[in-house]
**Q** 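I am attaching a structure below and will ask some questions about it afterwards.
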Number of protein chains: 2
Amino acid sequence: MTGRDRRSGAETREQILRVALRLFTEKGYEATSTRDLTEALGLTKSSLYYHFRNKEEILASLVAERRHDLDELIAWVRAQPRTRDLAARAARRWLAGTRPEHLHAMRLADANQPVMRRITGHGTDVVGGFDELIDLLADDDTEPQDRILLRMTFDTVRAALLAARPDDVDPADVLAAARRASDALSAAAERAREA
Amino acid sequence: MTGRDRRSGAETREQILRVALRLFTEKGYEATSTRDLTEALGLTKSSLYYHFRNKEEILASLVAERRHDLDELIAWVRAQPRTRDLAARAARRWLAGTRPEHLHAMRLADANQPVMRRITGHGTDVVGGFDELIDLLADDDTEPQDRILLRMTFDTVRAALLAARPDDVDPADVLAAARRASDALSAAAERAREA
DNA sequence: GTCTATATAGAGATAGAC
DNA sequence: GTCTATCTCTATATAGAC
């Protein structure tokens with residue numbers, strides 16, 4: 001470090017991401033201009049473009065890496081005996097792996113669905129991974145509505161986020177509600193499978 | 001009618017809304033330009049602006065009027081005896097009133113959360129209505145996570161929509177899954193209230 | 001009610017000095 | 001690594017003829 005008020009490049013990059021996460025979530029990606037970003041940061045646009053090739057790359061950097069966890073879950077499911085409660089155990093495992101810090105990225109993705117579809121390669125993203133997971137857990141003769149219900153058991157964190165007011169909410173409460181909801185839905189789905 | 005290929009003003013307006021609903025949902029409101037709209041319609045931008053004052057008014061026209069149903073539900077809840085299963089019955093009533101044609105507007109709202117927040121007056125929109133409803137159904141000492149769970153019981157249609165792949169899905173299946181999910185969550189929430 | 005033509009502003013992005 | 005200055009394009013929206 002050459003001086004006390006000198007930021008390293010990596011630090012600046014992190015600050016940009018932090019501010020972008022907030023603005024992209026609150027105002028939306030498209031409605032947030034590079035000018036909005038730089039004004040909030042006390043930077044110029046040129047500096048911004050030194051750190052990122054374009055605006056989309058900022059967004060892409062923010063949503064990387066949850067797919068890896070999902071691939072692990074899929075591998076785990078493949079290795080399990082196909083007991084009747086496999087789906088329920090898988091859902092529990094997934095929910096247990098969801099940490100409070102994941103919520104920010106989830107909100108971001110939820111708030112910007114169209115552009116998220118544009119930037120994530122089909123099949124390589126989290127959404128595509130869930131398709132694979134559900135195929136693994138469902139039989140060929142599973143009714144469409146049962147597939148939807150099954151998928152909902154894995155997606156209760158998003159549902160809980162939508163149900164919670166964005167402000168003044170404790171991430172721990174969101175996760176707690178999501179886990180209870182997932183258990184309840186698992187039970188309902190399992191009941192259907194037995195019938 | 002003065003001729004067979006002459007559209008009335010109202011017809012054109014409906015066509016604009018139909019195309020806008022599709023594009024705003026697929027590409028997103030901000031990413032859909034007035035040019036995209038007019039090209040899909042075979043109209044010019046000027047004609048578009050004859051029918052709507054601005055782009056935002058098109059979006060606003062698409063999301064009007066679900067709030068009315070919610071106000072009715074709130075009034076119904078107020079008139080009910082406060083039995084322990086009131087929340088469950090209210091959720092059932094709300095789900096029963098959700099029709100397949102509501103799903104399109106829901107998808108639209110979900111895909112464009114930031115701009116939806118911008119155009120809906122705080123408190124007068126559907127989101128604000130739910131706050132009111134939940135306050136009505138929850139006690140003052142209800143835990144935050146229980147409030148979230150309670151709200152999730154009313155919001156399972158959105159959750160089911162998120163869990164279903166947008167294409168190739170029957171609205172009836174989405175609604176069926178949503179109703180079952182809502183019942184399961186109601187039961188879980190009720191169990192918590194008893195404990 | 002639809003058109004052609006245009007006004008105006010703001011976006012994303014780059015050049016090149018320091 | 002950050003700056004000033006600028007380019008270029010596309011957006012929303014309007015004026016006014018038919």
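Below, read A as the first sequence line, B as the second, and so on, with proteins coming before strands; counting in each chain starts at 1.
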**Q** Could you state the CZ-P distance from B:Phe52 to C:dT2, rounded to the nearest angstrom?
**A** 12 Å
**Q** Are any of A:Thr32's side-chain N or O atoms less than 4.0 Å away from OP1 or OP2 of C:dA11?
**A** no
**Q** Pick the nucleotide of DNA chain D nearest each of B:Asn54 and A:Ala10; which residue has the one closer to the 5' end?
**A** A:Ala10
**Q** Nearest-Å distance, CG (A:Leu43) to C1' (D:dT4)?
**A** 15 Å
**Q** Given D:dA11, D:dT2, D:dT14, identify the nucleotide with an atom nearest to the side chain of B:Tyr49.
**A** D:dT14
**Q** Please walk me through it: do B:Asp131 and B:Arg151 pass salt bridge (charged side-chain N to carboxylate O under 4.0 Å, His left out)?
**A** CA-CA 9 Å; B:Asp131 290 340; B:Arg151 183 153 183 162; 2.5 Å; yes
**Q** Could you tell me how far apart B:Glu14 (CD) and C:dG1 (P) are, to the nearest whole angstrom?
**A** 14 Å
**Q** With a 4.0 Å cut-off, would you call A:Asp146 and B:Arg180 a salt bridge?
**A** yes
**Q** What nucleotide, of C:dA11, C:dT2, D:dT12, holds the atom closest to the side chain of A:Ser33?
**A** C:dA11
**Q** If you check the B:Lys45 side chain, which of D:dT12, C:dT2, D:dT2 turns out closest?
**A** D:dT12
**Q** Classify the nucleic acid contact of A:Ser46 as base, sugar-phosphate or nothing, counting any heavy atom under 4.0 Å across all strands shown.
**A** base
**Q** Let me know the distance between NZ of B:Lys27 and C1' of D:dA11, rounded to the nearest Å.
**A** 13 Å
**Q** Would you kindly give the CD-to-C1' distance between A:Glu30 and D:dT10, to the nearest whole Å?
**A** 14 Å
**Q** So is B:Arg66 actually on top of B:Trp94's ring, under 6.0 Å and inside 45° of the axis?
**A** yes
**Q** Indicate whether OP1 or OP2 belonging to C:dG10 is found under 4.0 Å from a side-chain N or O atom of A:Thr34.
**A** no
**Q** Across the strands shown, which category fits A:Thr44 at heavy-atom distances under 4.0 angstrom: base, sugar-phosphate, nothing?
**A** base
**Q** Starting at CZ of B:Arg35 and ending at C1' of D:dC9, how long is that distance when rounded to a whole Å?
**A** 11 Å
**Q** If you measure from the Lys or Arg side-chain nitrogens to the Asp or Glu carboxylate oxygens, is any gap between A:Arg78 and A:Glu132 under 4.0 Å?
**A** yes
**Q** Distance check needed: C:dG12 C1' versus A:Tyr50 OH, whole Å only.
**A** 20 Å
**Q** Where the side chain of B:Ser47 is defined as all heavy atoms beyond and including C-beta, which of D:dT12, C:dC3, D:dT2 is the nearest nucleotide?
**A** C:dC3
**Q** Figure out the CG/P separation between B:Leu48 and C:dT4, and round it to whole Å.
**A** 15 Å
**Q** Please determine, for the side chain of A:Lys55, which listed nucleotide (D:dT12, C:dT2, C:dA13) has the closest atom?
**A** C:dA13
**Q** State whether A:Arg179 and A:Asp183 are salt-bridged, where the test is any N-O pair (Lys NZ or Arg NE/NH1/NH2 against Asp/Glu carboxylate O) under 4.0 Å.
**A** no
